[in-house]
Amino acid sequence: MEAASASVTTADHEHHGPPPANRSSRVEAQTLGMLLFIISEIMVFGAFFTAYFFIRVVKGDHWFPFHGDVLPVAVAGVNTAILLSSSLTMHWAQTSIKHDNRFGLKAGILSTFLLGLTFLFVQVNEYVHVGFSPRDHAQGTIFYGLTGLHGAHVFIGLTLLAMVTVRSFRGHYSSKEHRGVEVPGIYWHFVDAMWIIVYSSVYVL
Amino acid sequence: MAAKLRAPGFYRAGTFTLGGVVFSLALTYLVRMSYGHGRFHHFIAPNAILTVSLIAAPLAFLVGLGAFDYWFYWAAGKPTRPEDHSSHGAHSWRDYFRVNTDHKVIGIQYTVTSFFFLLVGGLMAMLMRAELAQPGSQFVDSNTFNGLFSVHASLLIFLFIIPVFAGLANFVLPLMIGAPDMAFPRLNALSYWLLPIAGLMMIASFFAPGGSFASGWTAYAPLSDTAPIGQVFFTLAVQFAGASSIATALNFLVTIITMRAPGMSFFRMPLLVWANFATSLLVVIATPFIASSQFFILLDRGLGFNFFNAGRGGDVLMYQHVFWFYSHPAVYIMMLPGFGIVSEIIAVKSRKPIFGYRMMAFSLVAIVVLGFTVWAHHMFVSGMQAWIRIPMMITTAIIAVPTGIKIFSWLATLWKGVLHLDTPMLFALGFLTMFTLGGISGVMLAMVPLDIHVSDTYFIVAHIHYVLFGGSLFTIFAGVYYWFPKMTGRMFDERLGRMHFWLTFIFFNLTFAPMHIIGLQGMPRRVADYSSQYAGWNLVISLSSFVLGASILIFVYNIVSSWRGGPRAPANPWRGMTLEWQVSSPPPIFNFDAVPTVVGGPYEYGVPGAVHGIFKGGAEVKPAPAGTVARPARE
Ligand code: HEM
Ligand SMILES: [Cu+2]
């Protein structure tokens, strides 16, 4: 991500760069920024869950299966396992680079990316075969809304991972400089954790 | 020419924007074609192209302008150029039209742009008041009128009050905490450039087929689901403005947490910093809700989702809940930074420490928390579950308590102070009185029976203008006058400033106070025509509003002429203690030669021996006359 402009440390008086900012917190700016962004993201999901809550609880309408429309709980369950395992490989990549293990980083990040891609592929496949559309009923709207929102986040996460993968293979990271893996990693873990909530409320409950 | 098209800037931005439109055309065509004639009669659908263009073209514009260049380098794994600060500082007016990463330049960009939208929105208000001067229909038809009040409110809320506060804070906040810039300068630049896009989109909606969006700034479903295409301009403009807000808020939070000068503990921060800290928390937590509400509308309109289609099980009340869960906190997003500005000014101008500094900080935090518990007070007549009303009434009454604490703290700060009644202070005092009145009508509205009586009447219009105009806008004027010398290096004309204040103050009251009366008598809001029994007051209101509108011209004249040729400002014209006054006016390009050390509170005026910051070389910031630690102005 971007380095705060404080990285230039010319200490002369001709102002070739800003004086380094004082670090008033142990948290890194990039990590903190990502965490705050994730709070925002959680609130977006919160709003979509509000919609879910209003249809399903406040109005008390039927939930799937109804009118012959069923959700493929088992397939999505397998998909859940795929996504969750990608969190493990992400963790592998993160710990590897902390110990300067370049191979572990590359293998970890690549498998994370591929697992994420598989998840997205299965999800799209599910849309094609599920047999109802968001136009049919509010339940369909909520189903597509929540899973689609999450899918969009997987997509964003994959875009970030793609960049990290490229940079990993070019050898841009080391045990000293691994923030670029760390910060997208936090996002990826968030996307995975969010899926558990989406999966359990939409498919299981 | 080819080189111009390749380099970041307006040429490339224009080309890319066109590309965005072509892309939208192609995308909608291909999607519709792939569904075939079974689903669509025509593959070219103007509304679909317009909707997609409104997303794609602005993004392409930003890419063309160069807002993303650095990140593209990063993403492609290319070595990113080290920051050479070529995009830092402004040497001519042209530098304000580039992607600039200097928080001082961005602060000015933000402020000037927001004031532009204030003037546009203000003109719309003048048109509305012309129409409302007499019963019957004179200048605009009712559909245009609906468009006018909708665009007026949306512009002033999303493109003026919210961003202008972010602009002022952008300029002064890093200086106040002893930081050389914001934490993410490039994100900061991007946040700024999202704004003109959002504003122009709202204005452009007037040219949409079927007219501009006309469902108010609240855009309630199902009206907004079915309104003509102009509605989409609102739906998407809010996304751009919201993204800008969130990015800036995140930037402020990270800056405040990680970049304070040594010794500047949280309880030594100026209250403006506290206020923006609280506001930014609200933005980060609440703004995603309005973004989502507009996503729902967009999905309903564009892809046939049924979020608000009751016929298929959708729930329209859900819109109001989601919307107000943002928009009540948003009224504090529009007020807390003003509290910060006023705290600075009142302490400096009465030469006394702020009364109850810690209570001031805690009450900000209390407002942030309580702000999330009152949203349904906007929905007393919406038909929601009746049991929600009483809890919301109680929480709304409670939230007035921290606000009241602040009012009394300011009063206690003024008490026996040596008051300097110049323009910034006059506006601060104007705020204090007018906002108190607005707060009182707010507490009245919290009472369910009264609210049922005056819902959707001019009483609401009176309330929101007392809090937003008499409250927020007065603090904005106060802040602009107060920091004008710092931002531009020039002094404004004090005589014109006072004239501006008195005209604004008097005609503000003549315009909005009578609205309480006609509201209680039952005149509905958001209508182009009304029964003749309200004619008298409406004429008074319209005439006063024209003077009120004209009074801003004095402000504009004062600012423009002083900026161009006003007397040079000393570093510290108000003898303030906070750090931004200890550097030259305007500040040097990187703010500080060396980061100062903070050793005491920011408001110890009149306290013997008090020191706020120590600069390199031992210059101390004491409550002392101007010039002690000033540096020579940079030319
Ligand atoms: C003591 C503090 C306040 C209280 C108790 C309060 C209470 C209320 C209530 C109950 C309403 C709903 C009226 C209705 O629609 O029937 C309302 C409306 C409104 N308030 Fe406040 N308010 C307070 C402060 C503020 C502040 C500080 C702002 C903004 C700076 C603000 C802006 C608004 C706006 C814009 C509306 C109208 C929303 C619409 O378009 O329907 N209020 N207020
Ligand atoms: Cu409210």
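Each chain gets a letter, A, B and so on, in the order its sequence line appears, and its residues count up from 1.
Aromatic pair B/Trp274/B/Phe266: ring centres closer than 6.0 Å. Separation of the A/Tyr203 and A/Trp63 ring centroids does not fall under the 6.0 Å cut-off. For B/Phe296 and B/Tyr319, the ring centers are positioned 6.0 Å apart or more. A/Phe132 has its ring centre no less than 6.0 Å from the ring centre of A/His67. A distance below 6.0 Å separates the ring centres of B/Phe325 and B/Phe372.
Top candidate by heavy-atom pairs under 4.5 Å with chain B, chosen from A/Gly46, A/Ser25, A/Ala47, is A/Ala47. Between chain B and the options A/Ser133, A/Gly33, A/Gly140, A/Pro134, the largest number of non-hydrogen pairs under 4.5 Å is found for A/Pro134. By number of non-hydrogen pairs under 4.5 angstrom with chain B, the leading residue of A/Ser168, A/Gly145, A/Ser40, A/Gly148 is A/Ser40. Comparing B/Val322, B/Asn591, B/Asn306 by heavy-atom pairs within less than 4.5 Å of chain A, the highest count is held by B/Asn306.
Looking at A/Val27, the atoms closer than 4.5 Å to chain B (heavy atoms on both sides) all sit in the backbone: N, CA, C or O. For B/Leu281, no part lies under 4.5 angstrom from a heavy atom of chain A. With a 4.5 Å cut-off on non-hydrogen atoms, B/Ile257 touches chain A through its backbone and its side chain both. Heavy-atom distances place both the backbone and the side chain of B/Val254 under 4.5 Å from chain A. Only the side chain of A/Ile55 comes within less than 4.5 Å of a heavy atom of chain B; its backbone N, CA, C and O stay farther away. With a 4.5 angstrom heavy-atom cutoff, B/Ala261 touches chain A only via backbone atoms. The contact between A/Phe37 and chain B is made by backbone and side chain atoms together, counting heavy-atom distances below 4.5 Å.
By the 30° and 60° cut-offs, the orientation of the rings of A/Phe119 relative to A/Trp195 is perpendicular. A perpendicular orientation is assigned to the rings of A/Phe45 and A/Phe190, their planes being inclined by more than 60° (bins at 30° and 60°).
Among the candidates B/Thr255, B/Asn170, B/Thr101, the single residue satisfying the side-chain hydrogen bond (donor to acceptor under 3.5 Å, both in side chains) test with B/Asn188 is B/Asn170.
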